[in-house]
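First the structure, in the form of structure tokens, and then the observations on it.
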Amino acid sequence: MILASASPRRLQLLQEIGITPLVLPTHIDESPLPAEKPTALVARLAQQKAAVCWKNALQKCDRASIANQIIVAADTTVWLNNTSLGKPSNTSDATQMLEQLSGKTHHVSTGVHMLKLDSAGAIAAQTGFIETSKVTFYSLSAQEIERYVATDEAMDKAGAYGIQGQGRLLVQKIEGDFFTIVGLPIARLMREMQSLESGHEQDKNTMEDTWV
């Protein structure tokens, strides 16, 4: 497997089930398009990350090391009222995001895109999916928000919190897959990967139909 992500959380989830991927992080513009819905955003960004990772792999790796591999790319967003909340740019931004989420139920969507490579490193097939979970926050006091932001945990997380860290103290309940919120719906990923490897995948020219 080739993981198109620098996220230590995604890497850890894979390592915990016995997979140690080749890590090739990608860097793309993650800005949403005008009027783009959050689920469409994560689908598009995951697909773009996978494509950039493949091009980088062709340039930086020998063909033998990428032959017959599967590239996995993912993107996660927190959204409220159909508006995506990205990573905060500073502590003031983080505080504002947490104030928005306080006492409310929001959504977390993770889009995943996979490219199956052939023996020459070319794309043989691809597929993708989106998982969405709901998260309800307790009503947070200004002091609680200030203490959490002071941990710096919020600064590299979509929505300004990490549910796998101290951010779990902000969460009243969740509905759906926990690992979708962390950043990689691991059980769904493995099932989709098995389908891809067995040939039950989407053709590389018809991927738009996958993201309905």
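Starting from 1, each residue takes its place in the sequence as its number. On a predicted model such as this, the values are computed, not experimentally measured, just so you know.
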Kindly indicate whether the side chain of Asp75, heavy atoms from C-beta on, has any atom under 4.5 Å from the side chain of Glu30. yes
How far apart are the closest heavy atoms of Glu144 and Leu140, and which atoms are they? OE1-CA, 3.3 Å
May I ask you to list the residues sharing a hydrophobic cluster with Leu33, side-chain cutoff 4.5 Å, ordered by chain and number? none
So if you build clusters from Ile, Leu, Val, Met, Phe, Trp, Tyr with side-chain heavy-atom gaps below 4.5 Å, do Met190 and Val182 land together? yes
Which residues pass the side-chain hydrogen bond (donor to acceptor under 3.5 Å, both in side chains) test with Gln59, not counting sequence neighbours? none
Residues in side chain to side chain contact (heavy atoms under 4.5 Å, CB included) with Glu153, at least two apart? Tyr148, Thr151, Lys157, Gln166
For the residue pair Ile70 and Met193, establish whether any side-chain heavy-atom pair is separated by less than 4.5 Å. yes
Which residues pass the side-chain hydrogen bond (donor to acceptor under 3.5 Å, both in side chains) test with Glu99, not counting sequence neighbours? none
What's the shortest heavy-atom distance between Ser119 and Ala67, and which atoms? O-CB, 3.4 Å
For Val112 against Ala74, the heavy-atom pair lying closest together: CG2-CB, 4.2 Å
Set of side chain to side chain contact (heavy atoms under 4.5 Å, CB included) partners for Ala73, sequence neighbours left out: Ala4, Lys49, Ala50
CA sep, side-chain torsions, deciding dist, call: Arg63, Leu58, side chain to side chain contact (heavy atoms under 4.5 Å, CB included): CA-CA 7 Å; Arg63 295 302 168 91; Leu58 292 177; 3.7 Å; yes
Is it the case that over 12 heavy atoms from other parts of the model lie below 6.0 angstrom from the CG atom of Asn81? no
Residues forming a side-chain hydrogen bond (donor to acceptor under 3.5 Å, both in side chains) with Thr83, sequence neighbours excluded: none
For residues 13-27, which side-chain donor-acceptor pairs fall under 3.5 Å, sequence neighbours excluded?
residue, atom, partner, partner atom, Å
Glu16, OE2, Gln12, NE2, 3.0

What pairs with Thr132 under side chain to side chain contact (heavy atoms under 4.5 Å, CB included), at least two apart in sequence or on another chain? Thr39, Trp79, His107, Ser109, Ile130
Do the side chains of Arg44 and Glu36 get close enough for a salt bridge, i.e. N-O under 4.0 angstrom? yes
Between Ile145 and Tyr138, is there shared hydrophobic-cluster membership here, with clusters defined by ILVMFWY side-chain heavy atoms closer than 4.5 Å? yes
Side chain to side chain contact (heavy atoms under 4.5 Å, CB included) against Asp118, all qualifying residues, sequence neighbours excluded: Ala120, Ala122, Ala124
His106/Phe137 under side chain to side chain contact (heavy atoms under 4.5 Å, CB included): CA gap, chis, key distance, verdict: CA-CA 8 Å; His106 62 271; Phe137 268 22; 3.6 Å; yes
Compare every heavy atom of Trp54 with every heavy atom of Leu115, then report the nearest pair and how far apart it is. CD1-CB, 3.9 Å
Restricting to pairs with a member in residues 160-174, which pass salt bridge (Lys or Arg N to Asp or Glu O under 4.0 Å), not counting sequence neighbours? none
Do Gln126 and His113 touch side chain to side chain, with heavy atoms closer than 4.5 Å? yes
Check whether more than 12 heavy atoms from other residues, nucleotides or ligands sit under 6.0 Å from atom CZ of Phe179, and answer yes or no. no
Before giving the answer on side chain to side chain contact (heavy atoms under 4.5 Å, CB included), spell out for Ile2 and Cys53 the whole-Å C-alpha distance, their side-chain angles and the decisive distance to 0.1 Å. CA-CA 9 Å; Ile2 300 172; Cys53 181; 3.8 Å; yes
Is any side-chain heavy atom of Thr105 closer than 4.5 Å to one of Val135? no
Do Ile174 and Ile163 have side chains that get closer than 4.5 Å, going by heavy atoms? yes
Under 4.5 Å side-chain heavy-atom separation, chaining through any Ile, Leu, Val, Met, Phe, Trp or Tyr, what else clusters with Ile28? Say none if it is isolated. Leu41, Leu45, Val52
Within the structure provided, determine whether Met114 and Phe129 are in side-chain contact (heavy-atom separation under 4.5 Å). yes
Start with the C-alpha distance between Val78 and Ile181, add both sets of side-chain angles, then the distance that settles side chain to side chain contact (heavy atoms under 4.5 Å, CB included), and finish with yes or no. CA-CA 9 Å; Val78 171; Ile181 305 167; over 6 Å; no
Between Pro32 and Ser84, is there a side-chain heavy-atom distance shorter than 4.5 Å? no
Between Leu101 and Gly159, which heavy-atom pair has the shortest distance, and what is it? CD1-O, 3.6 Å
State yes or no: do Phe178 and Leu189 share one hydrophobic cluster built from I, L, V, M, F, W and Y residues joined by side-chain heavy-atom distances below 4.5 Å, directly or via other members? yes
Using a cut-off of 6.0 Å, state whether more than 12 heavy atoms not belonging to Lys55 lie near its atom NZ. no
Tell me every residue that passes side-chain hydrogen bond (donor to acceptor under 3.5 Å, both in side chains) with Thr76, counting only those two or more places apart in sequence or in another chain. Arg10, Thr110
Are any of the side-chain heavy atoms of Gln100 and Leu80 separated by less than 4.5 Å? yes
